[in-house]
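To start, the structure itself, in structure tokens.
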Amino acid sequence: MVYLERYNVNIHLNIRGENVENNYYRRIRELRDDHDYTQKYIAELLGISQPQYCLYEQGKRDLPTDILKKLSAIYQVSADYILEIKSAK
């Protein structure tokens with residue numbers, strides 16, 4: 001993902017530079033539901049508010065790297081799994 005802060009533009013790019021939509025928000029919701037965790041519980045583990053976490057699950061806010069790392073540790077999955085990145089074979 002490329003973020004152009006000056007112009008406040010988000011562009012999601014895959015490894016070939018093609019424009020793609022990242023659906024990480026669906027994955028983090030699925031993971032939370034699979035573990036029977038509440039948004040409030042995950043937000044507390046992340047050190048953020050529940051409303052802020054809710055924005056990540058709704059895809060209304062980009063997922064910062066530090067939060068991605070913490071979610072990977074909480075659920076014991078790779079960041080690639082959360083971001084739905086498939087490795088080329």
Side-chain angles (χ1 to χ4, degrees):
M1 180 179 75
V2 177
Y3 182 70
L4 304 173
E5 187 173 349
R6 184 175 183 188
Y7 300 102
N8 198 27
V9 175
N10 290 313
I11 303 169
H12 300 277
L13 302 173
N14 68 10
I15 204 150
R16 294 185 188 103
E18 299 163 335
N19 209 7
V20 295
E21 182 63 33
N22 190 324
N23 295 320
Y24 67 83
Y25 57 92
R26 290 185 191 138
R27 181 62 52 95
I28 62 174
R29 170 69 189 263
E30 290 170 2
L31 285 166
R32 185 177 59 76
D33 286 343
D34 289 347
H35 287 80
D36 295 323
Y37 294 153
T38 63
Q39 285 185 347
K40 183 178 180 182
Y41 176 71
I42 295 298
E44 288 173 0
L45 292 176
L46 297 173
I48 61 175
S49 68
Q50 181 275 327
Q52 183 177 359
Y53 179 76
C54 183
L55 293 174
Y56 298 140
E57 277 197 5
Q58 293 174 346
K60 293 182 178 178
R61 188 165 189 183
D62 283 340
L63 197 61
T65 305
D66 63 321
I67 299 295
L68 176 61
K69 287 177 167 178
K70 290 176 184 178
L71 287 170
S72 294
I74 290 167
Y75 296 119
Q76 298 181 349
V77 298
S78 70
D80 286 355
Y81 179 79
I82 292 173
L83 297 174
E84 298 182 353
I85 296 173
K86 296 172 180 70
S87 60
K89 300 216 177 197

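Position 1 is the first residue of the sequence; numbering continues from there.
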Shared hydrophobic cluster for I74 and Y81 (ILVMFWY, side-chain gaps under 4.5 Å): yes

Trace of the side chain to side chain contact (heavy atoms under 4.5 Å, CB included) decision for L31 with L71: CA-CA 9 Å; L31 285 166; L71 287 170; over 6 Å; no

Enclosure of Q58 CD (heavy-atom neighbours >12, cutoff 6.0 Å):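 Yes, CD of Q58 has more than 12 neighbouring heavy atoms, counting only those of other groups under 6.0 Å.
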
Residue pairs passing the ring-ring contact (aromatic ring centres under 6.0 Å, His included) test where at least one lies in residues 38-73, sequence neighbours excluded: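 ring-ring contact (aromatic ring centres under 6.0 Å, His included) check on residues 38-73 returns Y37-Y41.
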
Non-hydrogen atoms of [X] and [Y] that approach each other most closely:
{"X": "Y75", "Y": "I28", "value": "OH-O, 4.3 Å"}
{"X": "D62", "Y": "Y24", "value": "CA-OH, 3.5 Å"}
{"X": "S72", "Y": "S78", "value": "OG-C, 3.7 Å"}

Rounded distance (nearest 0.5 Å) linking atom CD1 of I67 with atom CZ of R61: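 It is 9.0 Å, given to the nearest 0.5 Å.
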
Interatomic distance, I42 atom CD1 to R32 atom CZ [nearest 0.5 angstrom]: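 Answer rounded to 0.5 Å: 7.5 Å.
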
Donor-acceptor contacts under 3.5 Å from residues 43-51 side chains, at least two apart:
residue: S49; atom: OG; partner: Q52; partner atom: N; Å: 3.2
residue: Q50; atom: NE2; partner: Q39; partner atom: OE1; Å: 2.5

